[in-house]
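Notes follow once the structure below has been shown.
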Amino acid sequence: MLQQTRAEVVIPYYQRFLERFPDAATLAQAKQADVLACWSGLGYYSRARNLQAAARAITASGGFPRDYHSLRALPGVGPYTAAAVSSIAFDQPCAVLDGNVLRVIARITNDGSDIALARTRAQFQRVADGLLAPECPGDFNQAMMELGATICLPRAPGCTSCPVARFCEACKAGTQGELPVKSGKLQPQTIRAEVVIVEKDSKILLHRRAARERRMAGFWDLPQPAELNGLHSVVTLGSFRHTITHHHYTLNVLAGAVPHIPRGFRWWRLDRMQDIPLSTIARKAIRLRHPRTN
DNA sequence: AAAACGGGGGC
DNA sequence: GCCCCAGTTTT
């Protein structure tokens, strides 16, 4: 859950998720749609699928992996997560390199190399490994991340209150504000789209996205006008914006009626929206008409 | 190596 | 509006 997601945002999801799926065996046995529903709103949904796949692998193998390489072999576990779990849970001497640590290392060493490059990350990994305190690797890693999250901030580095300012080459040189250097920003794209709310007896019409869809596979979605034969009584409810990575959507939300349920669609009760995986775009559109809906 | 993948929070 | 977040996988 913490991959590319702020800890404060994660906490309520984490608590609900662990209440629902308290251990690997429970998660392994669950239906994927229930796992996604519990994750719905947190984003990066492949993390949820990978976590369940990992739970199944762990259950099948009969034991939780305890070293970097076995952890790394689990689906959804990359270099960061393998290092974090092996060091924090199992005292293994593996330095983590997340966004915070990249920034801290770039500043401590006053290194203006592009952190988007693999070569730079490999270099920073060597620096972090060299700094790691082998007697308490978990504490060291958490301290590095916490330093980046609370003091060595992206925009406003708090050098005056920094406990390691006297070791920091960027602070000495006064370059902390320009570091780290990161290239490769994608061109933003603007996209207009329309969705339709067809409502009857406190239920709305949704369809399930195919399992092989690239994005939001298996999620429930609102219809687009072209998908509704015989759509009539159309009115505009309003519009809103939503950004997904570098795609800027402007959603126009319509309401209307159809003569019969189209193929692939079904009615879902408005008071049951929390039970299904639903994109935030769909939730925002539904909330335009029903402000208190989940 | 670059792009895709969600969503929200801070300024 | 832009940047970034306790990154990983796919192209």
Side-chain angles (χ1 to χ4, degrees), chain A residues 1-14 36 39-51 53-54 71-89 94-106 114-122 124-125 128 137-150 152-157 177-191 209 212-219 221 240-251 277-284 287:
Chain A
M1 285 182 171
L2 290 165
Q3 291 166 0
Q4 288 287 282
T5 308
R6 288 176 208 282
E8 312 88 85
V9 176
V10 162
I11 289 168
Y13 285 89
Y14 173 79
L36 291 174
W39 201 280
S40 189
L42 195 54
Y44 285 134
Y45 297 100
S46 64
R47 294 181 299 178
R49 295 191 189 85
N50 285 334
L51 184 59
L71 284 159
R72 181 69 184 79
L74 292 171
V77 176
Y80 164 76
T81 306
V85 174
S86 61
S87 66
I88 296 169
C94 306
V96 300
L97 204 60
D98 73 335
N100 290 306
V101 179
L102 282 170
R103 184 170 57 255
V104 170
I105 302 276
D114 181 359
I115 62 168
L117 299 178
R119 188 180 60 247
T120 305
R121 291 180 183 237
F124 284 19
Q125 180 73 60
D139 288 345
F140 172 85
N141 281 330
Q142 295 192 68
M144 288 288 279
M145 294 188 282
E146 196 70 4
L147 184 62
T150 60
C152 196
L153 299 170
R155 311 256 191 142
E178 350 258 304
L179 295 172
V181 172
K182 185 178 184 181
S183 73
K185 288 156 189 97
L186 294 173
Q187 193 73 15
Q189 311 223 352
T190 63
I191 302 161
R209 295 171 67 86
R212 63 175 174 285
E213 294 261 15
R214 220 150 143 346
R215 300 198 312 258
M216 317 292 292
F219 275 59
D221 223 349
F240 63 90
R241 294 172 187 282
H242 184 73
T243 299
I244 298 176
T245 62
H246 59 294
H247 300 109
H248 299 303
Y249 288 88
T250 301
L251 272 294
L278 196 60
S279 71
T280 294
I281 283 182
R283 286 188 203 280
K284 283 184 177 176
R287 276 203 292 260

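Every value quoted in this text rests on a predicted model; they were computed, and no experiment measured them. Just so it is clear: chains get the letters A, B, ... in the order the sequence lines come, proteins before strands, and each one is counted from 1.
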Options dT8(C), dG7(B), dC4(C), nucleotide nearest the side-chain atoms of K182(A): dC4(C)
Interatomic distance where [atom1] belongs to [X] and [atom2] belongs to [N] [whole Å]:
| X | N | atom1 | atom2 | answer |
| --- | --- | --- | --- | --- |
| N141(A) | dG7(C) | CG | P | 13 Å |
| N50(A) | dT10(C) | CG | P | 8 Å |
| L102(A) | dC4(C) | CG | P | 12 Å |
| R49(A) | dG7(C) | CZ | P | 20 Å |
| L153(A) | dA6(C) | CG | P | 10 Å |
| L74(A) | dG7(C) | CG | C1' | 15 Å |
| H248(A) | dC5(B) | NE2 | C1' | 15 Å |
| Y13(A) | dA6(C) | OH | P | 16 Å |

Please check the phosphate of [N] (OP1 and OP2 only) for any side-chain N or O of [X] closer than 4.0 Å.
| X | N | answer |
| --- | --- | --- |
| Q3(A) | dG7(C) | no |
| T81(A) | dT8(C) | yes |
| R103(A) | dC5(C) | yes |
| H242(A) | dG6(B) | no |
| R214(A) | dC5(B) | yes |
| H246(A) | dA4(B) | yes |
| Y45(A) | dG7(B) | yes |

Exercise: do [X] and [Y] side chains pair donor with acceptor under 3.5 Å:
| X | Y | answer |
| --- | --- | --- |
| H248(A) | T243(A) | yes |
| D114(A) | T120(A) | no |
| T81(A) | R72(A) | no |
| R47(A) | N50(A) | no |

Could one point to a donor on the side chain of [X] or the base of [N] with an acceptor on the other under 3.5 Å away?
| X | N | answer |
| --- | --- | --- |
| R155(A) | dC4(C) | no |
| Y80(A) | dG7(C) | no |
| T243(A) | dG8(B) | no |

Would you measure the distance from the [atom1] atom in [N] across to the matching atom in [M] and give it in whole Å?
| N | M | atom1 | answer |
| --- | --- | --- | --- |
| dG8(B) | dT8(C) | P | 22 Å |
| dC5(B) | dC4(C) | C1' | 15 Å |
| dG6(B) | dT11(C) | P | 14 Å |
| dC5(C) | dA1(B) | C1' | 23 Å |

Whom does dG6(B) pair with, Watson-Crick or G-U wobble, provided both distances fall under 3.5 Å?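 Check on dG6(B): unpaired, no WC or wobble geometry under 3.5 Å.
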Which is true for [X] with a 4.0 Å heavy-atom rule: it touches a base, it touches only sugar-phosphate, or it touches nothing?
| X | value |
| --- | --- |
| V101(A) | nothing |
| T280(A) | sugar-phosphate |
| A116(A) | nothing |
| P75(A) | sugar-phosphate |
| G148(A) | nothing |
| M216(A) | sugar-phosphate |
| L186(A) | sugar-phosphate |
| R6(A) | base |

Assuming nearest nucleotide by heavy-atom distance, tell me which of I88(A) and K185(A) is located more 5' along DNA chain C.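 It is K185(A), whose closest nucleotide lies nearer the 5' terminus.
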When you match R241(A) and G76(A) each to their closest nucleotide on DNA chain C, which lands nearer the 5' end? R241(A)
Does the gap between the ring centers of Y45(A) and F219(A) come in under 6.0 Å? yes
Starting from the 5' end of DNA chain B, give me the residue, R47(A) or S183(A), whose nearest nucleotide shows up first.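 The 5'-side residue here is S183(A).
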Report yes if some heavy atom in the side chain of D221(A) is under 4.5 Å from a heavy atom in the side chain of M216(A); otherwise report no.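 With C-beta onward as the side chain, the pair stays apart.
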Give a yes or no on this: more than 12 heavy atoms of other residues, nucleotides or ligands lie within 6.0 Å of atom OH of Y14(A). no
Polar side-chain atom of R121(A) near backbone of I115(A) as donor-acceptor pair, under 3.5 Å: yes
